[in-house]
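A short write-up of the structure that comes next.
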Protein chains: 2
Amino acid sequence: MAPERDIPDATVARLPVYRRTLVGLAAAGETTVSSARLAELAGVNAAKVRKDLSRLGTYGVRGVGYEVENLLMQIGEVLGVNVDAPVVIVGMGNLGQALARYGGFSTRGFRVVALTDSDPKKIGKKFAGLTIQHQDDLPKIAKDLDISVGIITTPAEAAQQVADELVAVGVGSILNFAPTVLNVPAHIPIRKVDLATELQILGYYQHRAS
Amino acid sequence: MAPERDIPDATVARLPVYRRTLVGLAAAGETTVSSARLAELAGVNAAKVRKDLSRLGTYGVRGVGYEVENLLMQIGEVLGVNVDAPVVIVGMGNLGQALARYGGFSTRGFRVVALTDSDPKKIGKKFAGLTIQHQDDLPKIAKDLDISVGIITTPAEAAQQVADELVAVGVGSILNFAPTVLNVPAHIPIRKVDLATELQILGYYQHRAS
DNA sequence: AGTTGCTCGTGAACACCTTCACAAGCGCTA
DNA sequence: TAGCGCTTGTGAAGGTGTTCACGAGCAACT
Ligand SMILES: NC(=O)c1ccc[n+]([C@@H]2O[C@H](COP(=O)([O-])OP(=O)(O)OC[C@H]3O[C@@H](n4cnc5c(N)ncnc54)[C@H](O)[C@@H]3O)[C@@H](O)[C@H]2O)c1
Ligand SMILES: NC(=O)c1ccc[n+]([C@@H]2O[C@H](COP(=O)([O-])OP(=O)(O)OC[C@H]3O[C@@H](n4cnc5c(N)ncnc54)[C@H](O)[C@@H]3O)[C@@H](O)[C@H]2O)c1
């Protein structure tokens, strides 16, 4: 039951990519895959794949490769994809609406179960079968639906306050789209998706090449 | 003129965060900032800030700190934020529309100048002052507007094809939102923004904590 | 000018990650 | 059972990134 502990961060970050690749292979009817092939499809080095997978306690078969289904199950176990985590999206502007309508969550172990906003004009509107509720009702929503993940898509100025509210109602992890650094207790995992930062990084490499 | 070469990847990835922080400080009327303060606001270690900034050839003043305006200019120079890079968004679905309406590009050196899609029903629609054009017209668009950056927000299945088309018309860098690994020539910088991956990484850390 | 307090820049140590290279192991065939 | 081809798992080496710790330098005040 217990997945192996202490998987390196770099490995954890690659597991979802392996998983996605394996889902594709399984759909194509492949039953086994070598580290070399998986590496090519996932865009990484083959030795890295083997080292990563060995961290799971997963063992491949020498001379043959890894069993696709088995590997999928093991990675799913480690990532917790097999449990369905309830998600709330806070801030139903441009981005929040796009996320609410996105269908790619369900196959990855996440289910958007609530949408909130602080703008009275938005309350009551529907997206993808859910009604936007007021941010002030978050405590009740979180309790009723046992919210586990919070996604922040508010303007940067409101993001810290929203993060505090999410932590207060017991959310277990946070994904932040607002371009600002958030302070949360150390035990709450938090990650950011920062489009503008990515573009600027690209800017550097392109700029430098010329 | 020439910025220092060979800035480590890890440093480059942090420069946009420093920049954003400095913009905030400048707006608040601060003229100098210490590495300790900048570190706290940017959520990193102070020694790291100093090492990063020393890579720019930027010099602070001992006993005082760094001059905010000067630092902003230097980072902007390195990132190429001071030139206005024309951007095309390919795939005007949920996400593409949200990005098209997003106002945060202009202050970071990027300007969305064209939107394309392959769905005839979407051609001609307007977003944020731009009209969606057909993907087949990309060569002409790229030439006329001197497109420098391509953002891919199509379904994963179409992403590689779109990437090839972007490369063919001479785009200088690519930002990919589709959950798939893209193959592009080595000289084209490419980065991905992968929401589902981020959620799964969070899943691991949350799962593990329990 | 001398002293004090603060902050930078950086060498050195450490931790983490990647890559190479190869022995060990598996399945298949004869 | 022996031999062969293929692929894994991992020790070791090399590289990158982080953090510590401290000398050096500037400003301000006496
Ligand atoms: N739209 C994009 O493509 C894009 C791209 C990159 C980053 N971002 C970032 O994502 C965030 C959202 O962007 P957007 O374009 O959707 O902005 P938006 O202004 O369209 O939407 C923000 C929403 O948050 C709500 N809100 C504000 N304060 C709130 C609070 N305290 N509690 C709950 N809801 C609150 C607003 O009512 C609004 O509906 C911003 O931080 C932006 O910088 C957006
Ligand atoms: N919407 C989200 O919140 C979200 C979140 C994470 C990832 N993504 C990813 O971003 C991508 C877009 O998501 P979406 O929800 O906007 O999808 P969507 O289906 O709403 O939009 C895709 C658009 O791309 C267009 N398109 C398809 N093939 C094309 C081609 N060859 N050339 C040009 N345009 C083409 C379609 O006509 C459509 O308008 C997907 O890969 C999705 O997995 C989306």
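When reading the values below, keep in mind they use all heavy atoms of this one structure, side chains included, and skip hydrogens, waters and symmetry mates. The chains referred to below are lettered A, B, ... by the order of the sequence lines, with proteins before strands, and numbering in each begins at 1. What you see is a predicted model; the values in this text were computed from it and never measured.
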Taking A:Thr180's backbone N and O only, do any of them form a donor-acceptor pair with A:Asn176's side chain (distance below 3.5 Å, no angle check)?
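Yes, A:Asn176 side chain to A:Thr180 backbone: donor-acceptor pair under 3.5 Å.
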
Interatomic distance, [X] [atom1] vs [N] [atom2] [rounded to whole Å]:
X       : N      : atom1 : atom2 : value
B:Asp9  : C:dT18 : CG    : C1'   : 14 Å
B:Glu67 : C:dT7  : CD    : C1'   : 16 Å
B:Tyr66 : D:dC26 : OH    : P     : 14 Å
A:Leu56 : D:dG9  : CG    : P     : 10 Å
B:Lys48 : D:dA21 : NZ    : C1'   : 17 Å

Check every strand shown and say whether A:Ala47 touches a base, only sugar-phosphate, or nothing at a heavy-atom separation below 4.0 Å.
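Since a base atom lies under 4.0 Å of A:Ala47, the category is base.
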
Base, sugar-phosphate, or nothing: which does B:Arg14 touch, judged by heavy atoms less than 4.0 Å apart?
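Contact class for B:Arg14: sugar-phosphate only.
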
Measuring from the side chain of [X] (C-beta onward, heavy atoms only), which nucleotide among [options] has the closest atom?
X       : options                : result
B:Ala10 : C:dT19, D:dT8, D:dT18  : D:dT18
B:Tyr59 : C:dC17, C:dT10, C:dT18 : C:dT10
B:Val64 : D:dA27, D:dT19, D:dG11 : D:dA27

Within a strict 4.5 Å, meaning less than it, do heavy atoms of the B:Phe177 and A:Leu195 side chains meet?
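In short, these two side chains touch, coming nearer than 4.5 Å.
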
Between A:Asp9 and B:Tyr205, does the side-chain hydrogen bond (donor to acceptor under 3.5 Å, both in side chains) criterion hold? Intermediate values first, please.
CA-CA 10 Å; A:Asp9 291 350; B:Tyr205 290 107; 2.6 Å; yes

Under 3.5 Å donor-acceptor pair, B:Lys51 side-chain atoms to C:dT10 base atoms
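When only heavy-atom distances are counted, B:Lys51 does not reach the base of C:dT10 through any donor-acceptor pair under 3.5 Å.
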
Does a distance-only test, which skips hydrogens and angles, find a donor-acceptor pair under 3.5 Å between the side chain of A:Arg62 and the base of D:dT7?
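No, no donor-acceptor pair under 3.5 Å.
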
Nearest heavy atom decides the nucleotide; on that basis, is A:Gly63 or A:Thr11 closer to the 5' end of DNA chain C?
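That would be A:Thr11.
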
